[in-house]
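First listed ligand is number 1; within each ligand, the first listed atom is number 1.
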Amino acid sequence: MEKMWAGRTAGNTSAMADDFNSSIHIDSCMYREDIRGSMAHSAMLAEVGILTGDEADAIIAALEEILGDIESGALEINMNAEDIHMFVESVLTERIGDLGKKLHTARSRNDQVAVDMRLYMRGKCEEIKALLIDLIDAIVSVAAEHKYDIMPGYTHLQRAQPIVFAHHLLAYAEMFTRDLSRLLDAKARMNYSPLGACALAGTTYPISREMTAKALGFSGFCQNSIDAVSDRDFCAELLSVFSIIMMHLSRFSEEVILWSSWEFSYVELDDAYTTGSSIMPQKKNSDMAELVRGKCGRVYGDLMGTLTMLKGLPLAYNKDMQEDKESLFDATETVERCLEIFAPMIRTMKVRSENMYRAAQKGFINATDLADYLTKKGMPFRSAYKVTGAIVSECIGKGIVLDDMSLEDYRSHSELFENDLYEEISLKSCVAKRISEGATGYRSVEKQINSFTEYLKEQKGN
Ligand code: ARG
């Protein structure tokens with residue numbers, strides 16, 4: 001195939017070099033964006049008088065046709081082409097002859113690839129936004145069913161204080177809400193058009209960058225042509241957002257895996273999201289959650305790969321940058337697939353509230369409340385903490401829990417204890433008494449659910 005860039009060199013690279021140089025296997029997915037960018041570019045060229053109206057119309061009509069043919073399968077993308085930009089342009093020239101060669105006036109592949117990437121990732125941001133919203137929706141709907149189900153809250157993976165399951169789940173909803181906000185921030189920062197920066201220095205043609213930026217739905221155009229073609233910040237930024245999403249998913253996965261174990265038995269995943277063992281018939285493995293946890297490392301790798309690829313690169317375009325797509329697209333697909341499977345997995349899991357409650361009854365998770373009881377009766381908190389510690393240790397010695405100790409025994413530790421202590425340290429009242437904003441108390445949890453319901457309505461609306 002004759003190289004479109006054969007100029008100083010004859011372009012007769014070795015087959016091995018052609019293969020090594022090619023990015024079509026990874027950038028062919030951007031054919032829509034490439035064609036869309038070229039259409040906007042041709043229309044602008046006509047508007048400013050570089051092409052005639054007829055010329056632009058013919059180019060645009062042919063591009064439209066190429067797009068239709070790729071979508072319908074009538075035109076197969078040639079995997080021997082160097083990249084998607086070269087492929088589309090060569091088909092255009094095949095179809096409309098020399099006129100096709102005018103398309104690349106006042107443009108370079110350097111600004112072209114940067115436009116395609118931004119357009120493509122803008123679409124992906126929308127897809128990921130929808131997936132995040134669906135996951136938040138799944139979490140909130142499960143939470144709404146378990147507003148009163150008490151479980152132990154943990155620190156250091158040790159039973160710490162009683163909470164309701166909804167409260168624990170809603171913590172994840174908060175994380176994914178921040179992820180969505182980060183995603184939209186990154187998208188907004190990325191949404192400037194590099195088109196018209198050309199190779200790096202701009203062009204001698206009287207183009208209108210504003211016109212193409214507008215036509216392609218960008219908020220404006222990149223102010224510095226060198227930056228426009230050198231900048232891959234948006235890749236690193238999106239990869240950071242994806243890494244944080246994956247980090248959240250992997251923490252959630254880890255808990256789902258733990259909760260599904262015999263030892264916890266807090267939840268049972270639906271059969272649709274588990275596998276069996278080829279040798280142990282009793283097994284039900286949380287493979288999907290484990291895979292999501294595992295794939296987190298892969299997305300971190302994509303982020304580190306991109307940051308490292310960009311490190312020390314001189315301005316402006318360097319071929320190193322072709323590697324950006326491999327990492328970014330891999331991470332994008334990974335995040336999408338993980339979010340896609342996670343939402344229905346959470347929606348369909350069976351919650352074993354009775355086991356959570358049983359676990360909450362052990363482990364002295366109402367000890368803080370016992371100390372608070374003494375504090376409210378006038379004992380300084382530090383002293384109350386000490387007295388409670390001694391009581392816990394006595395209970396452990398006797399093999400009982402706080403609720404089982406007699407009032408007489410309590411009073412041997414402090415005269416402040418009275419019969420009302422039992423009600424005060426019951427799990428239900430431990431939860432109900434957590435009245436501070438954002439706490440596990442019933443009213444606070446209700447408020448959190450309501451605010452997420454509002455949020456979801458808003459997000460789905462726009
Ligand atoms: N396939 C290339 C890439 O993805 C397109 C840009 C090529 N530009 C160039 N000057 N060789 O980066």
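Contact atoms of ligand 1 toward Asn110: 8 (N), 9 (C), 10 (N) (distance under 4.0 Å to a heavy atom of the residue). Within the listing of ligand 1, atoms 1 (N) sit less than 4.0 angstrom from a heavy atom of Ser23. Counting the atoms of ligand 1 from 1 in the order shown, those under 4.0 Å from a heavy atom of Asp83 are 1 (N), 2 (C), 5 (C). Taking a cut-off of under 4.0 Å to the non-hydrogen atoms of Gln322, the atoms of ligand 1 that pass are 1 (N), 2 (C), 3 (C), 4 (O), 12 (O).
The distance criterion of under 3.5 Å between nitrogen or oxygen atoms is not met by His85 with respect to ligand 1.
With a heavy-atom cut-off of 4.0 Å, Lys325 touches ligand 1 through its side chain alone.
With sequence neighbours left out, Tyr442 forms a side-chain hydrogen bond (donor to acceptor under 3.5 Å, both in side chains) with no residue at all. Shown here are the side-chain hydrogen bond (donor to acceptor under 3.5 Å, both in side chains) partners of Asp54, two or more places apart in sequence or in another chain: there are none.
Annotation: cation-pi pair Arg182/Phe242 absent, no NZ/CZ under 6.0 Å from the ring centroid and within 45° of its normal.
Protein heavy atom closest to atom 3 (C) of ligand 1, with residue, atom name and distance, is Tyr317 OH, 3.2 Å. The protein heavy-atom contact nearest to atom 11 (N) of ligand 1 is Arg109 NH2, 3.6 Å.
Taking the charged nitrogens against the carboxylate oxygens, Lys124 and Glu127 do have a contact shorter than 4.0 Å, which makes a salt bridge.
Remark: side-chain polar atoms of His167 are paired, donor with acceptor, to backbone N or O of Gly438 under 3.5 angstrom.
Side-chain contact, Ser22 with Glu82: no donor N or O sits under 3.5 Å from an acceptor N or O.
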